[in-house]
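Worksheet: one structure, shown below.
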Amino acid sequence: MTYHAKSDFMRVMMERGFLADCTDYQALDEALAKGVTPGYIGFDATAKSLHVGSLIQIMMLRWLQKTGHKPIVLMGGGTTKVGDPSFRADERPLLTPEQIDANIAGIREVFDNYLRFGGGKTDAVMVNNAEWLDDLNYLDFLRDIGRHFSVNRMLAFESVKSRLDREQSLSFLEFNYMILQAYDFLELNRRYGCLLQMGGSDQWGNIVNGIDLTRRVLDNQIFGLTTPLLTTSDGRKMGKSQDGAVWLNAEMRSPYEFWQFWRNTTDADVGRFLKLYTELPVEECERLGALEGAEINEAKIRLANEVTTLAHGADAAKAAETTAREVFEKGGIGDDLPTFTLSGDDLRNGISVVQMFVRSGLARSGKDAKRLIAEGGAKIDDVPVTDTGLFFAPEDLQEPLKLSAGKKRHARVVMES
């Protein structure tokens with residue numbers, strides 16, 4: 001791409017690798033250069049936290065604010081009742097209004113670490129699309145909004161086409177999702193003067209729908225910008241680890257485990273992830289990403305520290321690094337390791353080593369734990385476990401035990417006092 005950005009925001013997006021596509025580079029760049037531009041990204045409230053897969057979008061909103069513009073976090077309190085069918089093989093489970101509200105409260109805690117909220121020109125706002133979707137009159141909506149949508153065009157969108165090509169059911173409920181998302185952009189433009197919607201490249205069709213609808217109904221020019229769909233260099237989906245989603249909320253994934261996820265980044269991804277997920281200068285990201293051998297490990301620690309500081313604070317990042325060095329360099333247990341507590345009832349008849357690994361989260365099932373032991377990957381206090389029939393009584397847990405699954409995953413076991 002040869003386009004040279006005038007606005008700080010577009011320059012950051014292009015230099016740091018955020019940009020996949022844009023509906024009109026030049027016109028958006030000029031709007032951003034003129035003054036404060038409100039922009040939004042939508043998030044469905046399907047869990048009490050967002051995970052690392054959403055972090056690229058969160059960082060875009062953060063950069064939008066840092067470069068002098070207004071971020072709008074749109075929570076899908078209304079659309080979550082329908083469920084986004086994009087590139088899914090089946091329909092999402094439907095949540096109650098109470099579950100959705102609880103999830104939005106948890107997600108707000110995540111955003112408080114990345115954005116400054118308030119009433120100022122560039123302060124972020126969190127908006128719930130239930131405000132305008134919950135009270136829609138169906139016939140009025142069909143007449144005023146539905147007439148602008150071509151079913152032929154909707155069927156051609158990849159998110160819908162992929163489901164139909166595989167002969168998988170697509171309910172009328174889900175089919176309506178893209179109309180509701182387009183209507184969100186219209187309402188945000190009407191209520192907040194929002195000029196920009198951002199999202200992953202899988203949202204391109206939905207974003208274009210919103211731009212087209214707003215032009216037809218309000219005759220306003222608005223813009224869309226998408227990011228690449230991110231995978232790791234070995235092809236894995238971003239945001240997943242061996243033991244499940246890497247949540248951004250500390251109650252769902254401890255800061256140490258979060259730090260460790262970034263510390264375990266593949267060598268080939270370090271430079272790219274530094275640009276996307278930290279605020280280090282681009283030149284420094286490239287220098288660190290080009291390191292080789294043992295030096296790349298220090299770059300990974302820098303990545304883990306920077307990302308964890310943004311998500312959980314500098315103290316949490318420092319504590320995680322200290323614990324990691326104790327565990328890996330000194331063979332210690334480390335107070336910040338993920339810890340699970342066994343009660344007297346748990347230990348009344350003893351607990352098997354297999355169950356200890358399952359309960360600690362280091363194995364997904366008893367079968368998984370037995371395989372880990374058989375392959376020599378299970379250790380207790382750095383001593384390999386060889387017997388799947390091993391049992392532990394209360395007297396064996398007078399001191400904390402360190403469980404290890406391979407070289408990188410550890411947990412601390414303590415007995416209830």
Side-chain angles (χ1 to χ4, degrees), residues 5-16 18-19 22-45 50 54-79 104-105 107-133 181-200 203 206-208 210-211 213-215 217-227 248 276-277 279 310-311:
K6 298 176 183 176
S7 67
D8 288 341
F9 180 70
M10 285 294 276
R11 179 180 52 76
V12 168
M13 291 297 99
M14 295 167 80
E15 284 182 355
R16 301 187 80 94
F18 282 94
L19 194 54
C22 182
T23 53
D24 189 331
Y25 292 98
Q26 190 166 349
L28 172 58
D29 192 30
E30 287 172 359
L32 288 159
K34 281 178 186 173
V36 177
T37 301
Y40 93 96
I41 299 178
F43 300 88
D44 275 342
L50 299 174
S54 297
L55 192 51
I56 189 170
Q57 276 79 42
I58 295 171
M59 290 301 293
M60 288 173 81
L61 289 172
R62 183 174 169 87
W63 278 114
L64 189 70
Q65 187 169 56
K66 282 175 70 74
T67 54
H69 304 286
K70 188 177 187 70
I72 300 172
V73 181
L74 179 68
M75 293 311 308
T79 40
I104 289 174
I107 290 169
R108 173 58 190 254
E109 291 177 17
V110 172
F111 276 102
D112 281 337
N113 295 324
Y114 289 91
L115 299 176
R116 183 188 68 255
F117 287 86
K121 277 189 175 181
T122 62
D123 286 343
V125 292
M126 181 173 274
V127 182
N128 186 340
N129 65 10
E131 289 176 24
W132 52 82
L133 295 181
Q181 186 170 327
Y183 186 65
D184 283 344
F185 204 173
L186 169 70
E187 281 295 326
L188 288 171
N189 179 252
R190 183 158 34 204
R191 294 172 184 232
Y192 295 92
C194 184
L195 295 181
L196 172 64
Q197 182 183 358
M198 301 179 287
Q203 294 298 314
N206 291 330
I207 291 171
V208 170
I211 292 170
L213 178 65
T214 304
R215 180 183 56 78
V217 176
L218 300 179
D219 197 27
N220 288 343
Q221 183 182 22
I222 55 178
F223 307 98
L225 186 153
T226 60
T227 62
L248 300 175
L276 291 171
Y277 299 116
E279 294 171 343
L310 286 173

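Positions are given from 1 along the sequence.
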Taking atom types as modelled and ignoring hydrogens, do the side chains of [X] and [Y] form a donor-acceptor contact shorter than 3.5 angstrom?
X	Y	answer
Arg116	Thr122	yes
Gln197	Gln203	no
Asp184	Trp132	yes

So which atom in [X] and which in [Y] form the shortest heavy-atom distance, rounded to 0.1 Å?
X	Y	result
Ile56	Tyr277	N-CE2, 3.8 Å
Leu28	Cys22	CD2-SG, 3.7 Å
Asp29	Ser7	OD1-OG, 2.6 Å
Asp123	Gln65	CA-NE2, 3.7 Å
Gly39	Leu61	O-CD2, 4.1 Å
Met75	Ala45	CE-CB, 4.2 Å

How long is the gap from [atom1] on [X] to [atom2] on [Y], to the nearest 0.5 Å?
X	Y	atom1	atom2	answer
Leu248	Ile58	CG	CD1	5.0 Å
Leu188	Leu196	CG	CG	11.5 Å
Asn129	Tyr183	CG	OH	11.0 Å
Phe9	Thr67	CZ	OG1	6.0 Å
Ile222	Ile211	CD1	CD1	5.5 Å

Apply side chain to side chain contact (heavy atoms under 4.5 Å, CB included) to Ile41 and Leu74, showing your working. CA-CA 6 Å; Ile41 299 178; Leu74 179 68; over 6 Å; no
So do [Y] and [X] actually touch side chain to side chain, heavy atoms under 4.5 Å?
X	Y	answer
Leu213	Phe185	no
Met59	Leu310	yes
Glu131	Glu187	no
Thr37	Phe223	no
Asp24	Gln221	yes
Met198	Phe18	no
Leu19	Thr227	no
Leu32	Lys6	no

Do side-chain atoms of Asn220 reach the backbone of Arg215 as a donor and acceptor pair under 3.5 angstrom?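 Not a single qualifying donor-acceptor pair exists.
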Determine yes or no for a side-chain-to-main-chain donor-acceptor pair under 3.5 angstrom, with Lys70 supplying the side chain and Leu64 the backbone.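 The answer is no, because no donor-acceptor pair under 3.5 Å joins these two groups.
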Which is it for Leu55 and Tyr114 under the side chain to side chain contact (heavy atoms under 4.5 Å, CB included) test, yes or no, and what are the steps along the way? CA-CA 10 Å; Leu55 192 51; Tyr114 289 91; 3.5 Å; yes
Quick one: list whatever passes side-chain contact (heavy atoms from CB on, under 4.5 Å) with Glu15, sequence neighbours left out.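 side-chain contact (heavy atoms from CB on, under 4.5 Å) check on Glu15 returns Arg11, Val282.
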Under the side-chain contact (heavy atoms from CB on, under 4.5 Å) test, residues paired with Ala105 that sit two or more places apart: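 With sequence neighbours excluded, Ala105 shows a side-chain contact (heavy atoms from CB on, under 4.5 Å) to no residue whatsoever.
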Run the side chain to side chain contact (heavy atoms under 4.5 Å, CB included) test on Leu50 and Phe111 for me, step by step, so that the C-alpha distance in whole Å, both residues' side-chain angles and the decisive distance to 0.1 Å come before the verdict. CA-CA 9 Å; Leu50 299 174; Phe111 276 102; 3.6 Å; yes
Check the pair Tyr192, Val127 against side chain to side chain contact (heavy atoms under 4.5 Å, CB included), reporting the backbone distance first and the verdict last. CA-CA 10 Å; Tyr192 295 92; Val127 182; 3.6 Å; yes
